[in-house]
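First up is the structure itself, then whatever we jot down about it.
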Amino acid sequence: MSSLNRLMDRTDRLLFNYMEYNFRAIEKKWQARWVETKAYQVSNNSPKPKCYVLDMFPYPSGAGLHVGHPLGYISSDIYARYKRLKGFNVLHPMGWDAFGLPAEQYALETGQHPAVTTANNLASFRRQLDNIGFSFDWEREVRTSDPGYYKWTQWIFLQLFDSWFNRSLQKAERISTLITIFEQSGNAAHECPGDRYIRFTAEEWKQFSEVRQREILMHYRLAYLAFAEVNWCAALGTVLANDEVINGVSERGGFPVVKKKMRQWFLRITEYANRLLEGLETVSFSDAMKEMQRNWIGKSQGAEITFQIDGIENAGVTVYTTRPDTIFGVDFMVLAPEHDLVSLITTPDKKEDVEKYLDYVQSRSERERMAEVKQITGCFTGAYVLNPFNGQRIPVWISEYVLAGYGTGAIMAVPCGDQRDFNFAKHFDIHITNIIGDAFNGEEANATKDATLQNSDFLNGMNMREAMDVVIDKVEALGIGKRQINYKMRDSGFSRQRYWGEPFPIVYKDGTPYPLDEKELPLTLPHVENYKPGEEGEGPLANITDWVNVDAHTRRETNTMPGYAGSSWYFLRYADPKNTEVFADRAATDYWNQVDVYVGGTEHAVGHLLYSRMWTKALYDLGYIGFQEPYKKLINQGMIGGSSRMVYRVRGTNTYVSHGLKDQYETDELHTDVNIVDGLELDIEAFKNWRPANKDAEFILEDGKYICGVVLEKMSKGKYNTVNPDDVVEKFGADTFRMYEMFLGPVEQSKPWDTKGIEGVHRFLKKLWRLFADEQKGIIVNNDAATPEELKVLHKTIQKIDADTENFSYNTAVSQFMICVNELSSLKCNKRSVLEAVLVLLAPYAPHIAEELWHQLGNTTSILDAPYPVFDEKYTKESAFTYPIAVNGKTRTELSFPLDADNAAIEKEVLENEAVQKWIDGKPVKKIVIVKGRMINLVV
RNA sequence: GCGGGUGUGGUGAAAUUGGUAGACACGCCAGACUUAGGAUCUGGUGCUUCACGGCAUGUAGGUUCGAGUCCUAUCACCCGCACCA
């Protein structure tokens, strides 16, 4: 007999002898047994319908889990277990987003290899998760830092590198198809997304050198190399994505970020902008989430119009506008300071001013520009353009409020219709043309689209909305512009000057990039001695010269991929995690298909979700998978906030005064550890031992207690308000912990953690236990037939739990369990037929206690696969209803009537009722409203 | 500024989608059992009033026999985006 079995036997004996709810023994026992029986192993072959329930996999940080983290995992676990009971083959995997900055930062500080710290962190996360009793199929665990995994991240990157986006078909295709097109007809039909001015014929294409050809192809690839201004963060020694920069400083650490030109890998996600937008219609994400993504994509419709430059033949300024209807209201034009035309058009007399202004712009960091949005700056170039319709001369200015990266980097300014243009015109005293008559008051711009146009030549008298199309048609007819859709979204930077990430499977032969052959994958991350950046901001890999220099002409790429590389496709790998031939077998991804429910935080709204949606679409276009949206339904769990406990130290002393008396003293408010406070009452002994400085602390008490103050804020170590799930599980058990997290409120909502409230849930489980077992008598369940009353309680519960679980309304489900147990307790119901059904309902929420009692009742198979109780209306149907009787909308009394009673009989009896008579008070009854099964209202 | 969301007891929250507001818990109060209670059980607990009653879902209006729920305005807080032409 194994020692494990001996341990379990002993546990069984202990349980049998005392028959109290010994959650520690129960949970340990069943967790071990579930592992032993591989209870959570999932097969890719099953006659059952599939259900894929996924959590956003965690980055295993050194800090470990706090009670906020498992909220989403518990929700998805309940759902997964529920679906399994309902007859689905459920995939519910877990893995690790194991590459990332913090491990490397830690390595820089301590010299410990990120692989080592990551493995350690991961092990402690795993232990913490196991404590809570999740039904993850750990056989399918993935780690993004595992070469067996990132081999396929690199492989997908190569597919993106070898693809372009065919705009006319709106899908990705192989680069080889593009080459064929070029050879036959040049690029006339396929505008170059990387540089719209590149145009060539088939003949020209054939004349280009290989290097030139590869340069051009690079402008089409979905994964491409480009020189671009990137967000360079000197302090972190790396480049950051736009969404990693908040208000000009790094999201992590808050370090300054400046623009720097570097050769970088990018993903051409902008080509997918429209499909990413349209795809949102097919998935069930919250409105807020969809709106955030729409916002990020930022689609706008308008036109590009070229204005001829006055005095320079065949040269024009092309602007992008969403309001072509306002073309007669253009009073000036503004170019971005970085615009190519600036040096060409600046007149000699303005040259000095313009250069001074450009110096000024250059000197300002991104951060300053962000911070001083309201400040109006600009400079006149001395040049004029001509309004294409009436030839009016329009002065051309430059200003930093126009962004080089959006549209054409130039705008036509309409001060009467745009507030920024208006402010600019006022500031520089530029004449303002009013094209909307009374709708413009001269005090502020009016951005209306509904006014009638005036001062607008052939548009006069026309509604603005109508005029938009009229102008665009005319612009197109004149050949001076075209209809144009723009997106705010930029292509995403895909290079990091870092060590702890996926190496790029790319080599440079005399500077020209070539992909590695698939057979050479994975390109494993070499060992490094130090994690300091290479020169010129290159990553640490640049320092390993014999790895970098393959031969005299061949150099490896030294950047690594960003965190979102591995997380963009991990949900596919779970379908077939051990495959060494492909990233996942097509039959497996066809079977598991889309993630049915994806649970995670809102913080990944734009980054992770958009990237993984794009990768999925690209893999779909290339024929590797059969669906193009990864996540069918998304649940965003709310954050669990900290509830800090405050103590009040009398200033200049070591005396602490209780909350209720603090106003009588001059005090400093200090955080104390929430774990040494019971509700609001401070454990004074624990407080004295908490920190050496507290050893001799004195206390001013109220009613013999020290009462703490409460502040709700983010859970963080520094505020001493973090609660470790390990401690909660140790004290109350995993089942209590799981149910309490759900009981706190709706999953999507943010709420503070308060350990005190957990006792209610714990009491509930103990009360449940007592329905089955008595401390002295042991199991007290009998086989008597259930009464109608008991069946009513049961079926009400089945109905509610079933609906609530399906809808992720777990807080009300927990309430219903409590109501059910309360009612069965007062009915003294210890009947197997009722209690067994309750256990199955409860199993997704509190799996350990449910399994234990299930076996105590003599069942020999696991409750994980028990038949789910079926709701039957006949047990809950009432024959009579107690109606609230209201007079003029105010409830005055109650009367019971059979549900099939006819209205006339009800009216008669109601009117005869004494209490009703009193409230009618002799006034004439105008109307009697009777809503069957709801209420009765008398109008007097 | 734009977009999304939330406002209900001392606290976390319910409310079958227009039908008895505050379920279920925490906390608090009283009691029972107990050597003890931070165990367990029972009862009470929105505010106000001696009581009958009155007042209560951020605020002000409206629709309706009836509004936490629908409409209009307004305030507060939270989240996201933010010179995007």
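The figures that follow rest on heavy atoms only: side chains count, while hydrogens, waters and symmetry mates do not. Just so we're on the same page: letters track the sequence lines, and every chain starts at 1.
- Applying the salt bridge (Lys or Arg N to Asp or Glu O under 4.0 Å) test to A:K766 and every residue at least two apart in sequence or in another chain returns nothing.
- Residues satisfying the salt bridge (Lys or Arg N to Asp or Glu O under 4.0 Å) criterion with A:R763, sequence neighbours excluded, are A:E759.
- With sequence neighbours left out, A:S815 forms a side chain to side chain contact (heavy atoms under 4.5 Å, CB included) with A:F743.
- Open room surrounds CE on A:M639; 12 or fewer heavy atoms of other groups in view lie less than 6.0 Å from it.
- Evaluation of the salt bridge (Lys or Arg N to Asp or Glu O under 4.0 Å) rule for A:K751 yields no partner, not counting sequence neighbours.
- In this structure, the ring pair (Phe, Tyr, Trp, His ring centres under 6.0 Å) partners of A:H762, at least two apart in sequence or on a different chain, are A:F23, A:F732.
- The salt bridge (Lys or Arg N to Asp or Glu O under 4.0 Å) analysis of residues 804-822 of chain A, with sequence neighbours excluded, yields the pairs A:K83-A:E806, A:K800-A:D804.
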All N/O pairs under 3.5 Å across the protein-nucleotides 22-32 of chain B interface:
from, atom 1, to, atom 2, distance (Å)
B:A23, N1, A:S815, OG, 3.3
B:A25, OP1, A:N822, ND2, 2.5
B:C26, OP1, A:R763, NH1, 2.3

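- Picking from B:C83, B:A85, B:A39 the nucleotide with the shortest atom distance to the side chain of A:Y320 gives B:A85.
- Side-chain nitrogen and oxygen atoms of A:Q749 include at least one within less than 4.0 Å of the OP1 or OP2 phosphate oxygen of B:A13.
- Nucleic acid contact for A:D418: none, since no nucleic acid atom lies under 4.0 Å from a heavy atom of the residue.
- Listed candidates were B:G80, B:A85, B:C83. Nearest to the side chain of A:N295 is B:G80.
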| task | Would you write the dot-bracket representation of RNA chain B, where each base gets (, ), [, ], | or . depending on whether it forms a Watson-Crick or G-U pair under 3.5 Å and with which partner? | result | (((((((..(((......[....)))((((((.......))))))(((....)))..(((((..]....))))))))))))....
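- Partners of A:D802 according to the salt bridge (Lys or Arg N to Asp or Glu O under 4.0 Å) rule, which considers only residues two or more places apart in sequence or in another chain, are A:K86.
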